[in-house]
Amino acid sequence: AAGAQRAGHSPDGDGEDLHRPGRRGAPGGLGGGRNGRDEEHRQGGDQRREPRSFLRYSRPVHVETIIRSADENKAGPGKSGRIPAPLAIILVAAALFRAVYFFFYARDSIFFDGLILDSAVYDSWAERIAGGEWLGRQAFYFPPLYPYLLGLLFRAAGHSLALVYLLQALLGLVNIILIHRIGAALFGPRAGILAAAGAALYGPFAFNEMKILGATVGLTLNLTALALLVGAETAACRGRGVPGRWLLAGLAIGAASACL
């Protein structure tokens, strides 16, 4: 006890040093006592509350990446008016594939003009619209934009399913360009080319283009909305935010929701 007093510590009645770190209830001690247990619980809680990355394998797109990718993408169709040579090759190959697909589909498939299920519903609906029944008589069970577009086409050019298929195949090529543009704007020209090649090789795109379904038109509208959003974000990162771009993107999203 005397040694503890000389060292500046004060023993209790039992001769124990109240400031010894291992003693129960010692100030700052972690070995026991309520204070020690609270401190241990507090430290453990702090460790358990460390933020966890749920997307630890993802690579976020930062502002610098968007601006740098936009600067590198000088050869895109929206910059100089010229389509890059690799993208042109992909588009030619995709167009040839669709031409061959259309030829054999028209020659061999009974479903070229024999419509069933949703396709038959859209076709009959479009014919009624072309005949002047614009408002209908009941609530829409299917998204209404696609049959109204078909109705306008049938009214202008007659009931031609082949024309619908060809126009949707053309939209398929537009979709490849949009996919390239989005990929190049976000991740660089090489990523844009790879994305366009993957889209050209994706069979369901060409399959749905030869159906009386709203999938192709809806995909075009969604890709257009995404391209507008990327362009608006790029302009905002450069300090040239244009509200009209965000408005156009919102309109495209709304139109897509009425088609799918």
Side-chain angles (χ1 to χ4, degrees), residues 77 83 87-181 195-227 251-260:
I83 296 178
L87 179 59
I89 295 173
I90 292 173
L91 290 174
V92 170
L96 290 175
F97 171 74
R98 281 159 172 77
V100 173
Y101 188 98
F102 176 83
F103 173 76
F104 285 105
Y105 186 62
R107 190 187 70 174
D108 300 331
S109 178
I110 62 174
F111 298 110
F112 183 85
D113 52 5
L115 304 179
I116 60 173
L117 301 176
D118 292 2
S119 296
V121 173
Y122 281 130
D123 182 68
S124 60
W125 189 356
E127 285 190 300
R128 292 196 301 270
I129 293 173
E133 190 178 332
W134 291 94
L135 297 180
R137 301 174 182 174
Q138 58 187 358
F140 296 136
Y141 182 76
F142 288 93
L145 179 59
Y146 183 68
Y148 274 92
L149 293 176
L150 282 181
L152 292 175
L153 180 63
F154 290 164
R155 190 178 182 90
H159 187 268
S160 173
L161 298 181
L163 180 60
V164 176
Y165 298 148
L166 291 175
L167 290 177
Q168 290 183 163
L170 181 61
L171 283 182
L173 300 180
V174 174
N175 291 339
I176 294 176
I177 295 176
L178 290 172
I179 290 172
H180 168 265
R181 184 180 183 86
L201 294 173
Y202 189 59
F205 283 169
F207 175 82
N208 284 302
E209 291 160 15
M210 300 297 161
K211 300 294 181 183
I212 304 298
L213 295 172
T216 300
V217 178
L219 178 62
T220 303
L221 291 172
N222 277 304
L223 290 173
T224 300
L226 185 55
L251 292 175
I253 294 173
S257 68
C259 191
L260 292 174

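In this text, all values refer to a predicted model and were calculated from it rather than measured experimentally.
For Phe207, the CZ atom sits in a loose shell: 12 or fewer heavy atoms of surrounding residues, nucleotides or ligands are nearer than 6.0 Å.
Among residue pairs with one or both ends in residues 103-121, those qualifying as side-chain hydrogen bond (donor to acceptor under 3.5 Å, both in side chains) are Tyr105-Lys211; sequence neighbours excluded. Contacts classified as side-chain hydrogen bond (donor to acceptor under 3.5 Å, both in side chains) and involving residues 120-129 (residues at least two apart or in different chains) are given here: Asp123-His159. Residue pairs that meet the side-chain hydrogen bond (donor to acceptor under 3.5 Å, both in side chains) test with at least one member in residues 87-102, sequence neighbours left out, are Arg98-Glu209. Residue pairs meeting the salt bridge (charged side-chain N to carboxylate O under 4.0 Å, His left out) criterion with at least one partner in residues 149-165, sequence neighbours excluded, are absent.
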Donor-acceptor pairs under 3.5 angstrom involving side-chain atoms of residues 213-220: please list them, not counting sequence neighbours.
residue: Thr220; atom: OG1; partner: Asn175; partner atom: OD1; Å: 2.7
residue: Thr220; atom: OG1; partner: Asn175; partner atom: ND2; Å: 3.4
residue: Thr220; atom: OG1; partner: Thr216; partner atom: O; Å: 3.0

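Here the closest heavy-atom approach between residue Ala199 and residue Ile179 is recorded as CB-CD1, 3.5 Å. Taking all atoms of both residues into account, the shortest heavy-atom contact from Ala252 to Ala225 is CB-CB, 3.6 Å. Nearest approach of Leu163 to Ala157, heavy atoms of both residues: CD2-CB, 3.7 Å. Shown here for Leu178 and Ala227, the closest heavy-atom pair between the two residues is CD2-CB, 4.4 Å. Closest heavy-atom contact between Pro143 and Cys259: CB-C, 3.7 Å. The two residues Ala200 and Ile90 come nearest to each other via the heavy atoms CB-CG2, 3.7 Å.
Paired with Leu221 under the rule side-chain contact (heavy atoms from CB on, under 4.5 Å), one option of Leu171, Ile253, Leu145 passes, and it is Leu145.
Checked against ring-ring contact (aromatic ring centres under 6.0 Å, His included), Phe111 has no partners two or more places apart in sequence or in another chain.
If you take CG on Leu91 and CD1 on Ile176, they are separated by 6.0 Å, rounding to the nearest 0.5 Å. How far CG of Leu167 is from OG of Ser160: 9.0 Å, rounded to the nearest 0.5 Å.
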